[in-house]
S.K.: 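Dumping the structure here so I can ask a few things about it.
It should be emphasised that the depicted structure is a prediction, and the values quoted were computed from it without experimental measurement. So you know, we letter chains A, B, ... as the sequences are listed, proteins then strands, and number each from 1.
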Amino acid sequence: MAFENKFVQLRIEKAETLRDAGINPYCNNSKRNTTIKKYLNVNSDIEHKENKRDEHRHYTVAGRIKLLRVMGKASFLQLEDESGVLQIYVARDHLPENFYNDIFKKNVEVGDIIEVGGYPFVTGQGELSLHASEFKLLTKSIAPLPEKFHGITDKETRYRKRYLDLIMNADVRKTFQIRSKVISLTRRFFEDKGFLEVETPMMHPIAGGANAKPFVTHHNALGIDRFLRIAPELYLKRLIVGGFEAVFEINRNFRNEGMDATHNPEFTSIEFYWAYKTYKDLIEITKEYFLYLFDHLDLPTHLPYGDLEIDFNKFSEVPLIESLHTIGEVPSEIVNDKEKILEFLKSKNISVKNGLSLGQLQGELFDEFVEHKLINPTFITEYPVEISPLARRSDVNPDITERFELFIAGREIANAFSELNDPVDQYERFKSQVESKECGDDEAHAMDEDFIEALSYGMAPTAGQGIGIDRLVMLLTNEHSIRDVLLFPAMKPIHHEELNQEEV
RNA sequence: GUCUUGUUAGCUCAGCUGGUAGAGCACGUCACUUUUAAUGAUGUGGCCGAUGGUUCGAAUCCAUCACAGGACACCA
C-alpha cells in the first residue's frame, strides 16, 4: 500500500501539523528571483567587504534541502537547485517569532523544497552563504531521501527510479546535460550545412532499412499489424527521390532483440542523406562533425574511455579485406577463399551458421578478429555486397560496396554508404534477402515494392549515414553501459506478490 | 536465450561451519548561534526478494521462481 512506511507516515503528520499552523505544505507562489549559480557569481566579492557581508543586498533562492545541520538556535542547510549548491544560514532571531523553534526545527527536513530570502555573507570557514530572513516551505517531501553520504548506488534502483538518481547524483545530471547538448549540436551542425530536418513514420507496414527483428503492434481502425520502425532509411530515400537534396532525422529506432551494455530495445540515431555526394564525402563530413562536437562541448580531442585512450585527431581508413590481415592478423591468403576461411574459423573453435557466402564469412572474420581492436576512430571501407543490401556497388569491383562503418573503442558508431539507386539491382538484392529470410534468417530484409517503385522514378546519386547517438554519448561521457546514457532504460516490470495471490 | 554473482531497516553495508537480527546514516527525544558527512546523549525501526524442502531449529543448507549486475550468444 502507498504511504504505509513509518517514515512516510511521520512526514505526512508533519505536513498536517504545518497545515494546522496555516502553512501550505504544497504552496506554489514562489518568489524566487535568482538561481544559486547566479547568486554565487554575483556575490563573489563579498569576502572582500567589511564583516564579509552586505546586508543591503537581498536575494530569494529556492531548491531542495540536501543537508541539514541544526545547532540549537541556528542551523546550516545545503540548498540545491539545478544550477548548484548554496549554504543557507538560518538563525532563530532573524526569523519571525517562534518560527524557528515551532515550525523550522520540528517540521522541516532533508528533501523538502523551500524558498529562502536573505543577504550574502561569508562564514568563518570561508564559504559564501545566504543569511536567511525569510523562509518558506514550497513542497513537503514525505519520502525520505537515500543516505546523504553514499547516496544511491544500487543500479536497479537508479534505473527504475531515475528521479532519485538525479536528486542524489550530480554527475548523472551532467551526463544527461551532455546528451542533450550532443543532440542539439548535431541538429545545428546539419542545419548549418543546409540539411532539412524531417519526420518519417515510426510505424511501418514493412520493417526495412536494417537487418533486425521488429516489434509488432496493431492498428485497430485498419485491422492491420504495423511494425515499429527498425530504421528510417527507406523513407528518407523516398524524400531524396522527391527532390529534397539533404535531409536528416534524429529519432528513435526499435529492435526486438537482446539487451546488454550496448543495446536497448529503443535507441536514438541520426540518419542523414545527401544527394550528389558519395561515401567519400561522408568520411570528410564525419570528421568535421566530430571536431565540431569536441569544439562546442569543450572537450579535448584526446579522451579517456575506461582503460583506453582515444585520439580523435587520428582518424584512419582501412578497407575491410585489408583490415582482416593488417589488424586482425588473419592470413591474407585465406580471406578470399570460402573453404579456407571455414577451415580457419574451425581451427580457432569459432562456429558459424551453415551456408554463409564469402562476403558473410569475411564479415564474421571482421567481427571476430578486427572489430574489438579498433580503438582510435577507424573507417572500415569497401564492405562485401552480400552484407550491404542497400549500398551501391563499387564501379571497379562489383563484389564490394561503396560503404564504411566507423569504429571507435571497439564499437560501431556509424554506418554509411553511397546509396544503391539502381532499382533493378535493388530489386534483386531484396529478392536475395527474401531467400535468406525463407532459409531462416529472420533478420533479413523483406521485399519493399513501394520503395522499388520510388527508386524507379530516379533517385539522384546520394550518400547516406546513420550514427548511433547513445553510443556516441557513451564515448563522450566515459560511460560503459547504454543504460547510463538513457534516462529511462528498458527494465523488466516487477511482479507484485499481492497481484499473484489475487490471481491464485 | 545460456552461464555466473547478488537480493538483509528508508539508504549504505555486516551477519563465519544452521541456534529467534547488527552497525553507520536517516528518523524521534534532549543539549548546542559559524557548521561542512556538524557534534554529544538516548530511543524507535526488519515477513532477511518469493514459494517449497531438509532439520528439533533456516537470513544461513537444497530446489524452483522473480528481479538485477556481469560475461557469452544475436544485434547497432
S.K.: Side chain of Asp260(A) only, please: which of C74(B), C67(B), G70(B) is the nearest?
M.R.: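 Among the listed nucleotides, the one closest to the side chain of Asp260(A) is C74(B).
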
S.K.: Consider the side chain of Ala74(A), meaning its heavy atoms from C-beta on, and name the nucleotide among U33(B), U36(B), G10(B) that approaches it most closely.
M.R.: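 Given the options U33(B), U36(B), G10(B), the side chain of Ala74(A) is closest to U33(B).
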
S.K.: Is the shortest side-chain N to carboxylate O distance from Asp165(A) to Arg162(A) below 4.0 Å?
M.R.: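 Between Arg162(A) and Asp165(A) there is a salt bridge, with a charged N closer than 4.0 Å to a carboxylate O.
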
S.K.: Only pairs with both distances under 3.5 Å count, Watson-Crick or wobble alike; so what is the partner of G40(B) in this structure?
M.R.: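 Base-paired to C30(B).
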
S.K.: Tell me yes or no: between the side chains of Ser141(A) and Arg64(A), is some donor less than 3.5 Å from an acceptor?
M.R.: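 Looking only at side-chain atoms, Arg64(A) and Ser141(A) do not form any donor-acceptor pair under 3.5 Å.
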
S.K.: Take atom CZ of Arg160(A) and atom P of U7(B), then tell me their distance rounded to the nearest Å.
M.R.: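 So the CZ-P distance, Arg160(A) to U7(B), works out to 17 Å.
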
S.K.: Report the distance from atom CE of Met259(A) to atom C1' of G70(B), rounded to the nearest whole Å.
M.R.: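 To the nearest whole Å, that distance equals 14 Å.
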
S.K.: Taking atom P in both A38(B) and U2(B), compute the distance separating them and give it to the nearest angstrom.
M.R.: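 Approximately 47 Å lies between the P atom of A38(B) and that of U2(B).
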
S.K.: Could you tell me whether the side chain of Tyr89(A) has a donor or acceptor atom within less than 3.5 Å of a complementary atom in the base of U33(B)?
M.R.: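 It does, because a donor-acceptor pair links the side chain of Tyr89(A) to the base of U33(B) below 3.5 Å.
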
S.K.: Pick base, sugar-phosphate or nothing for Gly124(A), based on heavy-atom distances below 4.0 Å to the nucleic acid.
M.R.: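 Result for Gly124(A) = base.
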
S.K.: Do Asp154(A) side-chain and C11(B) base share a donor-acceptor contact under 3.5 Å?
M.R.: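 Such a pair does not exist between side chain and base.
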
S.K.: Students often get this wrong, so: under 4.0 angstrom with heavy atoms, is Asn415(A) touching a base, only sugar-phosphate, or nothing?
M.R.: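 Answer is nothing: Asn415(A) stays at 4.0 Å or more from every strand.
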
S.K.: Heavy atoms only, 4.0 Å cut-off, all strands: where does Asp470(A) land among base, sugar-phosphate and nothing?
M.R.: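 No contact at all - Asp470(A) keeps every heavy atom at 4.0 Å or more from the nucleic acid.
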
S.K.: CZ of Phe7(A) versus C1' of C11(B): gap in Å, rounded?
M.R.: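 One finds 10 Å between C1' of C11(B) and CZ of Phe7(A), rounded.
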
S.K.: We want to know whether Tyr89(A) and Gln87(A) form a side-chain donor-acceptor pair, criterion being a heavy-atom distance below 3.5 angstrom.
M.R.: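 The criterion, which ignores hydrogens and geometry beyond distance, is not satisfied for Gln87(A) and Tyr89(A).
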
S.K.: State yes or no: are the ring centers of Phe104(A) and Phe99(A) separated by less than 6.0 Å?
M.R.: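 Aromatic pair excluded; centres sit 6.0 Å or further apart.
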
S.K.: If you check the Ile152(A) side chain, which of U12(B), A38(B), C67(B) turns out closest?
M.R.: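 Looking only at side-chain atoms, Ile152(A) lies closest to U12(B).
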
S.K.: Taking the minimum atom-to-atom distance to the side chain of Gln125(A), which one of U35(B), A76(B), U33(B) wins?
M.R.: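 Selected nucleotide: U35(B).
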
S.K.: Looking only at side-chain N and O atoms, does Lys148(A) come under 4.0 Å of OP1 or OP2 in C25(B)?
M.R.: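 So the side-chain polar atoms of Lys148(A) never come under 4.0 Å of the phosphate oxygens OP1 or OP2 of C25(B).
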
S.K.: Let's see if you can work this out: which of U34(B), G69(B), A37(B) has an atom nearest to the side-chain heavy atoms of Thr123(A)?
M.R.: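 Among U34(B), G69(B), A37(B), the one nearest the side chain of Thr123(A) is U34(B).
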
S.K.: Classify the nucleic acid contact of Ile413(A) as base, sugar-phosphate or nothing, counting any heavy atom under 4.0 Å across all strands shown.
M.R.: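 Answer is nothing: Ile413(A) stays at 4.0 Å or more from every strand.
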
S.K.: Measure from CG on Leu164(A) to C1' on G10(B) and round the result to the nearest Å.
M.R.: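 It works out to 10 Å between those atoms.
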
S.K.: Aromatic ring centroids of Tyr289(A) and Phe272(A) under 6.0 Å?
M.R.: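 When the ring centroids of Tyr289(A) and Phe272(A) are compared, they turn out to be at least 6.0 Å apart.
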
S.K.: Quick one: label Arg483(A) by what it contacts on the DNA or RNA (base, sugar-phosphate, nothing), any heavy atom closer than 4.0 Å.
M.R.: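 It contacts sugar-phosphate atoms only.
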
S.K.: What's the gap between G6(B) and G49(B) when it is taken at their C1' atoms, as a whole Å value?
M.R.: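 Nearest-Å result for G6(B) against G49(B) at atom C1': 11 Å.
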
S.K.: On the 0 to 90° scale, with breaks at 30° and 60°, tag the His445(A)-Phe430(A) ring pair as parallel, tilted or perpendicular.
M.R.: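 Aromatic pair His445(A)/Phe430(A) classed tilted.
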
S.K.: Whole angstroms only, please: what is the CD-P distance between Glu147(A) and U12(B)?
M.R.: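 Interatomic distance, CD of Glu147(A) to P of U12(B): 9 Å.
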
S.K.: On the nucleotide U35(B), are OP1 or OP2 found under 4.0 Å from the side-chain N or O atoms that Arg69(A) carries?
M.R.: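 Answer is no, no contact under 4.0 Å.
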
S.K.: Would you mind telling me which of U36(B), G10(B), U34(B) lies closest to the side-chain atoms of Gln87(A)?
M.R.: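 Of the candidates, U36(B) comes closest.
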
S.K.: Nearest to the side chain of Val70(A), heavy atoms from C-beta on, is which of C27(B), C32(B), U36(B)?
M.R.: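 Shortest atom-to-atom distance from the side chain points to C32(B).
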
S.K.: Report yes or no: is the ring centroid of Phe267(A) under 5.5 Å from the six-membered base ring centroid of A76(B), with the two planes under 30 degrees?
M.R.: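 Stacked: centres under 5.5 Å apart, planes under 30°.
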
S.K.: Taking atom P in both A9(B) and A23(B), compute the distance separating them and give it to the nearest angstrom.
M.R.: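 That atom pair is separated by 14 Å.
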
S.K.: Regarding Phe254(A), tell me which of base, sugar-phosphate or nothing describes its non-hydrogen contacts under 4.0 Å with the strands shown.
M.R.: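 Touches nothing.
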
S.K.: How is Asp367(A) classified with respect to the nucleic acid when contacts are heavy atoms under 4.0 Å: base, sugar-phosphate, or nothing?
M.R.: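 Answer is nothing: Asp367(A) stays at 4.0 Å or more from every strand.
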
S.K.: Could you tell me how far apart Leu86(A) (CG) and U35(B) (P) are, to the nearest whole angstrom?
M.R.: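 Going from Leu86(A) (CG) to U35(B) (P), I get 17 Å.
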
S.K.: Salt bridge check: are Arg179(A) and Glu479(A) linked by an N-O gap of less than 4.0 Å?
M.R.: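 A salt bridge is absent here (no side-chain N lies under 4.0 Å from a carboxylate O).
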
S.K.: Quick one: look up who A23(B) pairs with, Watson-Crick or G-U, both distances under 3.5 Å, and put none if it's unpaired.
M.R.: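 Its partner is U12(B).
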
S.K.: Please report the distance, rounded to the nearest Å, between OH in Tyr159(A) and P in C67(B).
M.R.: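 Spelled out: OH on Tyr159(A) to P on C67(B) is 18 Å.
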
S.K.: Check the side chains of Ser83(A) and Tyr39(A) for a donor-acceptor pair under 3.5 angstrom, ignoring hydrogens and angles.
M.R.: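 No - no donor-acceptor pair under 3.5 Å links their side chains.
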
S.K.: Could you tell me how far U44(B) sits from U35(B) if I compare only their P atoms? Round to whole Å.
M.R.: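 Between the two P atoms, the distance is 32 Å.
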
S.K.: Between U17(B) and A58(B), how far apart are the C1' atoms? Round to whole Å, please.
M.R.: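 My reading of the C1' atoms in A58(B) and U17(B) gives 14 Å.
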
S.K.: Rounded to whole Å, how long is the line connecting atom CG of Asp93(A) with atom P of U34(B)?
M.R.: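 From Asp93(A) CG to U34(B) P: 13 Å.
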
S.K.: If you look at every strand shown and take non-hydrogen atoms under 4.0 Å, does Lys14(A) touch a base, only sugar-phosphate, or nothing?
M.R.: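 Sugar-phosphate, backbone atoms only, no base.
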
S.K.: Which one is paired to U4(B), where only Watson-Crick or G-U wobble pairs with both distances under 3.5 angstrom count?
M.R.: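 G69(B) - that is the nucleotide pairing with U4(B), both distances being under 3.5 Å.
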
S.K.: Of the nucleotides U36(B), A37(B), A76(B), which one has an atom closest to the side chain of Glu127(A)?
M.R.: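 Of all the options, the side chain of Glu127(A) is nearest to U36(B).
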
S.K.: Starting at the 5' end of RNA chain B, which residue's closest nucleotide do you reach first, Gln78(A) or Ala210(A)?
M.R.: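 Per heavy-atom nearest nucleotide, the more 5' residue is Gln78(A).
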
S.K.: Return the nucleotide paired to U60(B): Watson-Crick means purine N1 to pyrimidine N3 with N6-O4 or O6-N4, wobble means G-U with N1-O2 and O6-N3, both under 3.5 Å.
M.R.: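 When the pairing criteria are applied, nothing turns out to pair with U60(B), so the answer is none.
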
S.K.: So what does Thr262(A) touch, heavy atoms closer than 4.0 Å: a base, only the sugar-phosphate, or nothing?
M.R.: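 Since a base atom lies under 4.0 Å of Thr262(A), the category is base.
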
S.K.: Kindly state whether the pair Phe149(A) / A37(B) counts as stacked, where counting means centroids closer than 5.5 Å and planes tilted less than 30° apart.
M.R.: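 So yes, this residue stacks on that base, both cut-offs being met.
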
S.K.: Students often get this wrong, so: under 4.0 angstrom with heavy atoms, is Met491(A) touching a base, only sugar-phosphate, or nothing?
M.R.: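 The residue Met491(A) makes sugar-phosphate contact but no base contact.
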
S.K.: Do Arg57(A) and Asp45(A) meet the salt-bridge criterion of a basic N to acidic O distance under 4.0 Å?
M.R.: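 Yes.
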
S.K.: Map Arg53(A) and Gly151(A) onto RNA chain B by nearest heavy atom, then report which one ends up closer to the 5' terminus.
M.R.: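 Residue closer to the 5' terminus by nearest nucleotide: Gly151(A).
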
S.K.: Please report the distance separating the P of A68(B) from the corresponding atom of A76(B), rounded so that it comes out in whole Å.
M.R.: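 Those two atoms are separated by 24 Å.
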
S.K.: Provide the distance between the two P atoms, one in U55(B) and one in C62(B), to the nearest whole Å.
M.R.: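 Per the computed distance, 16 Å lies between those P atoms.
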
S.K.: Does a side-chain N or O of Thr157(A) approach OP1 or OP2 of U7(B) to a distance below 4.0 Å, or not?
M.R.: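 No, because none of the side-chain N or O atoms of Thr157(A) sits under 4.0 Å from OP1 or OP2 of U7(B).
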
S.K.: What's the gap between U7(B) and U33(B) when it is taken at their P atoms, as a whole Å value?
M.R.: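 Pairwise P distance, U7(B) against U33(B), rounds to 45 Å.
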
S.K.: Distance from Thr268(A) atom OG1 to Leu486(A) atom CG, nearest 0.5 Å?
M.R.: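 Nearest 0.5 Å value for the OG1-CG distance: 7.0 Å.
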
